[in-house]
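All heavy atoms count here, side chains included; hydrogens, waters and symmetry mates do not. Please read all numbers here as calculations on a predicted model, not as lab measurements.
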Amino acid sequence: MQAWRVHTPGEPREAMRLEEVPEPVPGEGEVKLKVLAANVNFPDALLVRGQYQIRPPLPFTPGVEICGETEDGRRVIANPSLPHGGFAEYVTASARGLLPAPDTLDDAEAAALHIGYQTGWFGLHRRARIQPGETLLVHAAAGGVGSAAVQLGKAAGATVIGVVGGKAKARTAEELGCDLVVDRTEGGFENVVARVKEFTAGRGVDVVYDPVGGDAYTASAKCVAFEGRIVVVGFASGTIPTPALNHALVKNYAVLGLHWGLYAAKDPAAIAACHAELTRLAAEGSITPLVSERVPLAGAADAVQRLADGTTTGRLVVVPSLGTPSPGTPARHAADPAGGSR
């Protein structure tokens with residue numbers, strides 16, 4: 001089969017190489033799945049760079065979530081067992097971790113429903129306990145993680161403020177249903193704080209969903225309301241904040257961490273229950289993963305690089321059936337979705 005593999009950590013376009021490899025063999029408690037679609041996540045970029053908390057043995061194939069097909073024809077959502085990740089034609093995954101793909105979503109949408117939406121649901125409902133009528137601030141609102149939080153916030157009955165970087169992303173956030181969109185490239189994060197305070201009549205926001213860190217977190221602390229909650233999801237900016245706890249004390253707000261992966265070990269039943277709720281919301285039409293681009297297997301490394309560079313909107317999803325790539329070439333020479341070369 002064909003799979004992208006990393007032999008030496010580095011930037012995705014340079015480090016990922018398309019190769020012909022044997023199909024993975026399931027271990028005890030695992031199943032082999034045909035990859036129908038593999039969603040591109042920020043952890044994939046960190047894995048390739050060697051910066052993720054999990055470091056699979058080299059060489060490995062990145063790709064942490066897929067929609068796949070079992071040998072008996074069932075369509076499922078799964079987290080592949082590294083080092084055999086999802087940017088390949090076949091993967092192995094834990095049989096106990098398989099979730100049914102919602103019938104209302106196509107393969108690419110189903111692949112994008114899992115980690116980002118589970119993280120959003122646990123962050124907003126389990127950690128922040130968001131309530132109808134509260135105000136939610138979402139950083140990187142037009143991205144894959146942020147767009148999920150926007151949709152889940154609206155489904156929960158919240159007023160949603162989206163922070164984005166650029167006019168195109170602002171249009172996307174508006175289309176997602178944000179009640180206010182603030183472009184941080186116009187006036188920086190100080191303008192974000194000012195716009196939020198103006199919109200909330202000086203009160204601030206009840207919940208902040210922050211997958212960015214850095215200056216985004218600093219701005220959040222300035223505009224969070226009394227008894228507000230800041231949910232720390234990740235650090236896409238590359239800067240890990242150092243919160244001033246005296247500030248949290250004086251303003252009476254909470255800083256909540258969320259590591260979704262821990263639920264698989266400590267409360268796996270919660271993941272299944274969350275998936276049932278997400279499936280219901282998808283059936284209602286309340287949430288639909290924002291898939292901005294479907295790319296063939298040949299475009300996987302370029303897609304991971306673009307996500308790492310922060311130039312994407314919504315989700316990029318690798319769909320192997322879109323094309324038959326030629327193995328053995330580095331990412332910078334692989335055919336792009338338009339048929340050209342990088």
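Screening residues 43-69 for salt bridge (charged side-chain N to carboxylate O under 4.0 Å, His left out) gives Glu11-Arg49 as the qualifying pairs, with residues at least two apart or on separate chains. Screening residues 83-96 for side chain to side chain donor-acceptor pair (under 3.5 Å), with sequence neighbours left out, gives no hits. For residues 233-258, the ring-ring contact (aromatic ring centres under 6.0 Å, His included) pairs, not counting sequence neighbours, are His247-Tyr253. Sorted by first and then second residue, the salt bridge (charged side-chain N to carboxylate O under 4.0 Å, His left out) pairs with a member in residues 113-122 form an empty list; sequence neighbours excluded.
Thr119 has its side chain within reach of Tyr209: a pair of non-hydrogen atoms, C-beta onward, lies under 4.5 Å apart. Looking only at side-chain heavy atoms (C-beta outward), Ser81 and Val91 stay at 4.5 Å or farther from each other. Contact annotation: the side chain of Glu198 never approaches that of Leu180 to less than 4.5 Å [non-hydrogen atoms, C-beta and beyond]. Asp107 places none of its side-chain heavy atoms less than 4.5 Å from the side chain of Val317. Looking at heavy atoms from C-beta onward, Ile66 lies in side-chain contact with Pro80 at the 4.5 angstrom threshold. Side-chain contact between Val64 and Leu47 is present, with heavy atoms from C-beta onward closer than 4.5 Å. Proximity of Val318 to Val40: side-chain heavy atoms (C-beta onward) are separated by under 4.5 Å at one or more points.
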Cut-off 3.5 Å, no hydrogens considered: what does the side-chain donor-acceptor table look like for residues 142-162, sequence neighbours left out?
residue: Ser147; atom: OG; partner: Gly143; partner atom: O; Å: 2.7
residue: Ser147; atom: OG; partner: Gly144; partner atom: O; Å: 3.1
residue: Gln151; atom: OE1; partner: Tyr117; partner atom: OH; Å: 2.6
residue: Gln151; atom: OE1; partner: Thr288; partner atom: N; Å: 3.0
residue: Gln151; atom: NE2; partner: Thr288; partner atom: O; Å: 2.9
residue: Lys154; atom: NZ; partner: Asp179; partner atom: OD1; Å: 3.3
residue: Lys154; atom: NZ; partner: Asp179; partner atom: OD2; Å: 3.0

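To the nearest 0.5 Å, atoms CD (Glu277) and OG (Ser286) are separated by 9.0 Å. Going from atom CG of Asn191 over to atom CG of Asp183 covers 9.0 Å, rounded to the nearest 0.5 Å. The distance from atom CD1 of Ile77 to atom NE2 of His275, rounded to the nearest 0.5 Å, is 4.5 Å. Atom OG1 of residue Thr279 and atom CG of residue Asp103 lie 9.0 Å apart, to the nearest 0.5 angstrom. Note that the CG atom of Asp215 and the CD atom of Glu190 stand 9.5 Å from one another [nearest 0.5 Å]. To the nearest 0.5 Å, the span separating CZ on Phe189 from OH on Tyr217 amounts to 14.0 Å.
Looking at residues two or more places apart in sequence or on another chain, you find a ring-ring contact (aromatic ring centres under 6.0 Å, His included) between Tyr263 and Phe122. Lys167 meets the salt bridge (Lys or Arg N to Asp or Glu O under 4.0 Å) test with Glu186; sequence neighbours excluded. Not a single salt bridge (Lys or Arg N to Asp or Glu O under 4.0 Å) links Arg129 to another residue, sequence neighbours left out. For the salt bridge (Lys or Arg N to Asp or Glu O under 4.0 Å) test, residues two or more places apart in sequence or in another chain that qualify with Asp106 are Arg294. Every residue meeting the side chain to side chain contact (heavy atoms under 4.5 Å, CB included) condition with Ala88, not counting sequence neighbours, appears here in chain and number order: Met1, Ala3, Thr61. Listed by chain and number, the residues in a ring-ring contact (aromatic ring centres under 6.0 Å, His included) with His125 are Trp121 (sequence neighbours excluded). Not counting sequence neighbours, the partners of Val31 by the side chain to side chain contact (heavy atoms under 4.5 Å, CB included) test are Leu33, Ala95, Leu98.
The minimum heavy-atom distance between Ile130 and Arg229, with the atom names listed, is CA-NH2, 3.9 Å.
Looking only at distances, no side-chain donor or acceptor of Arg203 sits under 3.5 Å from a matching main-chain atom of Ala225. Between the side chain of Gln118 and the main chain of Ile271, a donor-acceptor pair closer than 3.5 Å is present. Under the 3.5 Å distance criterion, the side-chain polar atoms of Lys251 are left unmatched by any main-chain donor or acceptor of Gly228.
Linking ILVMFWY residues whenever their side-chain heavy atoms come closer than 4.5 Å, directly or via other members, places Leu46 and Ile54 in the same cluster. Residues Val304 and Trp4 fall within the same hydrophobic cluster, defined by Ile, Leu, Val, Met, Phe, Trp and Tyr side chains chained together at heavy-atom separations under 4.5 Å. Under the 4.5 Å side-chain heavy-atom criterion for grouping Ile, Leu, Val, Met, Phe, Trp and Tyr, Leu307 is connected to Val138 within one hydrophobic cluster.
Between Arg280 and Glu284 there is a salt bridge, since a side-chain N of the basic residue sits under 4.0 Å from a carboxylate O of the acidic one. Between Arg315 and Glu109 there is no salt bridge, since no side-chain N of the basic residue sits under 4.0 Å from a carboxylate O of the acidic one.
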Between Phe87 and Val35, is a side-chain contact (heavy atoms from CB on, under 4.5 Å) present by the stated rule, with each step listed? CA-CA 8 Å; Phe87 301 141; Val35 178; over 6 Å; no

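With a 6.0 Å radius and a threshold of 12 heavy atoms from other residues, nucleotides or ligands, Lys32 has its NZ atom above the threshold.
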